[in-house]
Undergrad: 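Here it is, the structure in full.
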Amino acid sequence: MVDLITYSPSETQSLGRLIGTLLPKSSILGIDGSLGSGKTCLVQGIALGLGISSDTHVTSPAYTLIQQYPIQHTTLIHIDFYRLDSLRSADLMLFEELFSHPEHIIAVEWASKFLSELVADFLKISISPGSKQNHRIFKISSDSTAYAQVLRRLSDSYVHAGA
């Protein structure tokens, strides 16, 4: 597990950018945190790290459920489970199709609701408030060896701008 702290939304986005640069193809990220904790801000940074243009407006898919952002040889799939109370068979078929694509990088907000029912291996990112406004504590982990190098490199290379 890697524990990191950010002190502003821009640092949260910078952390996301770093994560985006470290992800292998076919990555799945499960992101959890309370409302306003910075989940979408983190995904915006991940998108930048993956090479999505800063002109692309990455938004929360809370109302649309899924947003897709094409990248050179892959697609960032941004999913938000917030408004789902259960998974219907149509939902399961859609998610199975998305999660089975070998080139997708998938970021799921409110992941603890259903993600472990859909896939076994993913990078878990938990966001909680810090001691001051805009401080965020990130606990990043995975039970999968597929993400061991990501965790190691993240731990070695993340430097925040200031306390």
Undergrad: Could you tell me the separation between the OG atom of S112 and the CD1 atom of I31, rounded to the nearest 0.5 Å?
TA: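 Result: 12.0 Å between the selected atoms.
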Undergrad: Would you say CE of M93 has more than 12 non-hydrogen atoms from neighbouring residues, nucleotides or ligands within 6.0 angstrom?
TA: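 Result for CE/M93: open.
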Undergrad: Can you tell me how far CD of Q44 sits from OH of Y69, rounded to the nearest 0.5 angstrom?
TA: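 Separation between the atoms: 8.0 Å.
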Undergrad: Which residue pairs pass the side-chain hydrogen bond (donor to acceptor under 3.5 Å, both in side chains) test with at least one member in residues 114-130, sequence neighbours excluded?
TA: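 Of all non-adjacent pairs touching residues 114-130, those that pass side-chain hydrogen bond (donor to acceptor under 3.5 Å, both in side chains) are K124-D143.
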Undergrad: State whether the side chain of S100 and the backbone N or O of E96 hold a donor-acceptor pair below 3.5 Å, judged by distance alone.
TA: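 Answer holds: yes.
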Undergrad: Contact between L154 and I140 at the side-chain level, heavy atoms closer than 4.5 Å - yes or no?
TA: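 Yes - at least one pair of side-chain heavy atoms lies under 4.5 Å apart.
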Undergrad: From F99 CZ over to I28 CD1, what is the distance, rounded to the nearest 0.5 angstrom?
TA: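 Those atoms lie 5.5 Å apart.
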Undergrad: So T6 and L42, do their side chains get closer than 4.5 Å, heavy atoms only?
TA: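 A side-chain contact is absent here, since even the closest heavy-atom pair is not under 4.5 Å.
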Undergrad: Could you see if L35 belongs to whatever hydrophobic cluster contains L84? Use Ile, Leu, Val, Met, Phe, Trp, Tyr and a side-chain cutoff under 4.5 Å.
TA: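 The answer is yes; both residues are in one hydrophobic cluster.
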Undergrad: Is any side-chain heavy atom of D80 closer than 4.5 Å to one of L65?
TA: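 Not touching, per the 4.5 Å side-chain cut-off.
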Undergrad: Are any side-chain N or O atoms of K113 and backbone N or O atoms of Y82, one a donor and one an acceptor, separated by less than 3.5 Å?
TA: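 Side chain of K113 to backbone of Y82, a donor-acceptor pair under 3.5 Å: yes, one is there.
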Undergrad: Check T40 against S60 and note the closest heavy-atom contact, atom names and distance.
TA: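 For T40 and S60, the tightest heavy-atom pair comes out as OG1-CB, 3.4 Å.
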Undergrad: Report the C-alpha distance between Y147 and S27 in whole Å, list the side-chain angles of each, state the deciding distance to 0.1 Å, and finish with yes or no for side chain to side chain contact (heavy atoms under 4.5 Å, CB included).
TA: CA-CA 9 Å; Y147 297 105; S27 292; 3.8 Å; yes
Undergrad: Under 3.5 Å, is there a donor-acceptor pair linking the side chains of Q68 and H78?
TA: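 Side-chain D/A pair, Q68 to H78: absent.
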Undergrad: Between I5 and E11, what is the shortest heavy-atom contact and its length?
TA: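 Smallest heavy-atom distance, with atoms named: O-OE1, 4.2 Å.
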Undergrad: Rounded to the nearest 0.5 Å, how far does NZ of K39 lie from SG of C41?
TA: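 The distance works out to 11.5 Å.
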Undergrad: Under 4.5 Å between any side-chain heavy atoms of L29 and V108, yes or no?
TA: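 Side chain of L29 against side chain of V108, heavy atoms only: no contact under 4.5 Å found.
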Undergrad: Could you pull out every donor-acceptor pair under 3.5 Å between side chains of residues 14-23 and any protein atom, sequence neighbours left out?
TA:
from, atom 1, to, atom 2, distance (Å)
S14, OG, S10, O, 3.1
T21, OG1, L18, O, 2.7

Undergrad: From I66 CD1 over to I79 CD1, what is the distance, rounded to the nearest 0.5 angstrom?
TA: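 Answer rounded to 0.5 Å: 5.0 Å.
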Undergrad: Between N134 and S8, does any side-chain donor sit less than 3.5 Å from a side-chain acceptor?
TA: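 Checked: N134/S8 side chains show no N/O donor-acceptor pair below 3.5 Å.
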Undergrad: Are the side chain of R136 and the backbone N or O of S37 linked by a donor-acceptor pair below 3.5 Å?
TA: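 The answer is yes, because a donor-acceptor pair under 3.5 Å joins these two groups.
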Undergrad: Could you tell me if the side chain of P24 sits less than 4.5 Å from the side chain of V150, heavy atoms only?
TA: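 Side-chain contact under 4.5 Å: yes.
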Undergrad: Would you say the side chain of I105 lies within less than 4.5 Å of the side chain of I77, judging by non-hydrogen atoms?
TA: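 No. Closest side-chain heavy atoms not under 4.5 Å.
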Undergrad: What is the distance from atom CG of L151 to atom OG1 of T145, rounded to the nearest 0.5 Å?
TA: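 Output value for this atom pair is 11.0 Å.
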Undergrad: Can you give me the closest heavy-atom contact between A111 and D32, atom names plus distance?
TA: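 Minimum heavy-atom contact is N-OD1, 3.1 Å.
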Undergrad: Hydrophobic cluster membership, with links at side-chain heavy-atom distances under 4.5 Å among I/L/V/M/F/W/Y: are I127 and L48 in one?
TA: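 No, no single cluster joins them.
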Undergrad: Is the shortest heavy-atom distance from the side chain of L76 to the side chain of I71 under 4.5 Å?
TA: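 Yes, their side chains come closer than 4.5 Å.
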Undergrad: Is there side-chain contact between L115 and F122, with at least one heavy-atom pair below 4.5 Å?
TA: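 Yes, at least one pair of side-chain atoms sits under 4.5 Å.
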Undergrad: Kindly indicate, with the supporting measurements, whether the criterion side chain to side chain contact (heavy atoms under 4.5 Å, CB included) is fulfilled by L98 and H104.
TA: CA-CA 7 Å; L98 290 173; H104 287 168; 4.1 Å; yes
Undergrad: For F114 and V119, run side chain to side chain contact (heavy atoms under 4.5 Å, CB included): C-alpha distance rounded to whole Å, both residues' side-chain angles, the deciding distance at 0.1 Å, then the answer.
TA: CA-CA 9 Å; F114 306 112; V119 294; over 6 Å; no
